[in-house]
Amino acid sequence: FPGSAREKICKWMNFVSGETEEGAKALEPAEEEEFDLTFNDIPCLVFRPVNPFLRKLLYLLVERDFPTLVAEGDGDGMGRHIRLMLMDEADKRAWDEDQMLQREKKLESMIGATDFIDCLAEHKLPIILHNGMLDLLHLHEKFWGPLPEDVNDFRRSLATLFPCVVDTKYVFSQSQKLKSVFYNTALGPLYDAVKADESVPGIRIYPGSKCRGYVTSGAEKWHDAGYDAMM
């Protein structure tokens, strides 16, 4: 595939530039039609590799052997394809800059969660969880750094990120007074028990008009991220 693709690209570039290699055969009508395509008034050549592996090979081939070409993935009614475009130096530079900006915008849209975690860490806000050790491990690994081998090193590292962490399951499990009142420390039953006990001080939560699905509690809503956070 790389050899035939390279040969085809060279023939197309000669066609576009008006050059003809000595002894080269005349192009077939179908080839002329294929080579005479444009995209936004830019000469282009379309490849339709049948699988991702061949598409990757074509991208690598163009990057290595044809620095004046731009390779762009696209799709149409006939499936996915790669469009090669021949640009002058100024257009190529402008294209590369535009692609860099698009990649940066895409990256920014993908790191929203990281920005949120960084904001929590910067302002040293208390983190409230329920049976949240696994959540803390994931937060550390995905947004802070590799997990330390030693649990004490993990505790010190986590304290740097979140100096105040409260696990409500741990609190209810360790307090003899709370254990004597609330027997089940699973989040759902514990939330229902606390909510039903009017003697328990605290803020009562009333879902807004757009969250009517949370008005009534029930096991079917457990593990929904928003509902768990509310509990």
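Just so it is clear, the model here is predicted, and its values are computed rather than measured.
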Quick check: do [X] and [Y] have side-chain heavy atoms less than 4.5 Å from each other?
X: Arg6; Y: Asp65; value: yes
X: Gln99; Y: Gln102; value: yes
X: Arg83; Y: Phe47; value: no
X: Leu136; Y: Leu158; value: yes
X: Phe162; Y: Lys124; value: no
X: Val166; Y: Ile127; value: no
X: Leu69; Y: Met13; value: yes
X: Thr68; Y: Lys92; value: no

Spacing of [atom1] belonging to [X] relative to [atom2] belonging to [Y], to within rounding of 0.5 Å:
X: Met100; Y: Asp98; atom1: CE; atom2: CG; answer: 11.0 Å
X: Leu54; Y: Ile82; atom1: CG; atom2: CD1; answer: 9.0 Å
X: Asp91; Y: Ile42; atom1: CG; atom2: CD1; answer: 6.0 Å
X: Glu122; Y: Asp115; atom1: CD; atom2: CG; answer: 11.0 Å
X: Phe15; Y: Leu45; atom1: CZ; atom2: CG; answer: 11.0 Å
X: Asp167; Y: Ser173; atom1: CG; atom2: OG; answer: 8.0 Å

Indicate if [X] and [Y] have the same hydrophobic cluster label, given that clusters are the connected sets of ILVMFWY residues with side-chain heavy-atom separations under 4.5 angstrom.
X: Met87; Y: Phe39; result: yes
X: Leu58; Y: Met85; result: no
X: Leu57; Y: Phe66; result: yes
X: Met133; Y: Leu161; result: yes
X: Ile117; Y: Phe154; result: yes

After noting the C-alpha distance and the side-chain angles of Val70 and Leu84, does the key distance pass the side chain to side chain contact (heavy atoms under 4.5 Å, CB included) rule?
CA-CA 6 Å; Val70 165; Leu84 306 186; over 6 Å; no
Quick one: does NZ or CZ of Lys8 land under 6.0 Å from the six-membered ring centre of Phe35, within 45 degrees of the ring axis?
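No, cation not above the ring by the 6.0 Å, 45° rule.
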Which heavy atom of His130 sits nearest to which heavy atom of Lys169, and what is that distance?
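For His130 versus Lys169, the nearest heavy atoms are ND1-N, 3.3 Å.
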Taking all heavy atoms of Leu61 and all of Pro2, pick out the closest pair and write down the distance.
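Where Leu61 meets Pro2 most closely, the heavy atoms are CD2-O, 3.7 Å.
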Would a distance-only check, ignoring hydrogens and angles, find a side-chain to backbone donor-acceptor pair under 3.5 Å from Tyr59 to Glu72?
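Answer holds: no.
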I'd like to know if the side chain of Ser175 and the backbone of Phe172 have a donor-acceptor N/O pair within less than 3.5 Å.
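The answer is no, because no donor-acceptor pair under 3.5 Å joins these two groups.
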Atom pairs and distances, side-chain donor-acceptor, residues 139-152, under 3.5 Å, sequence neighbours left out:
unit_1: His140; atom_1: ND1; unit_2: Gly145; atom_2: O; d: 3.0
unit_1: His140; atom_1: NE2; unit_2: Ser157; atom_2: OG; d: 2.7
unit_1: Lys142; atom_1: NZ; unit_2: His138; atom_2: ND1; d: 3.1
unit_1: Trp144; atom_1: NE1; unit_2: Ser157; atom_2: OG; d: 3.3
unit_1: Asp150; atom_1: OD2; unit_2: Asn152; atom_2: N; d: 2.9
unit_1: Asp150; atom_1: OD2; unit_2: Asp153; atom_2: N; d: 3.3

Kindly check if the number of other-residue, nucleotide or ligand heavy atoms within 6.0 Å of CZ (Phe116) is above 12?
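No, CZ of Phe116 has 12 or fewer neighbouring heavy atoms, counting only those of other groups under 6.0 Å.
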OH (Tyr170) with more than 12 external heavy atoms under 6.0 Å:
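12 or below, so no.
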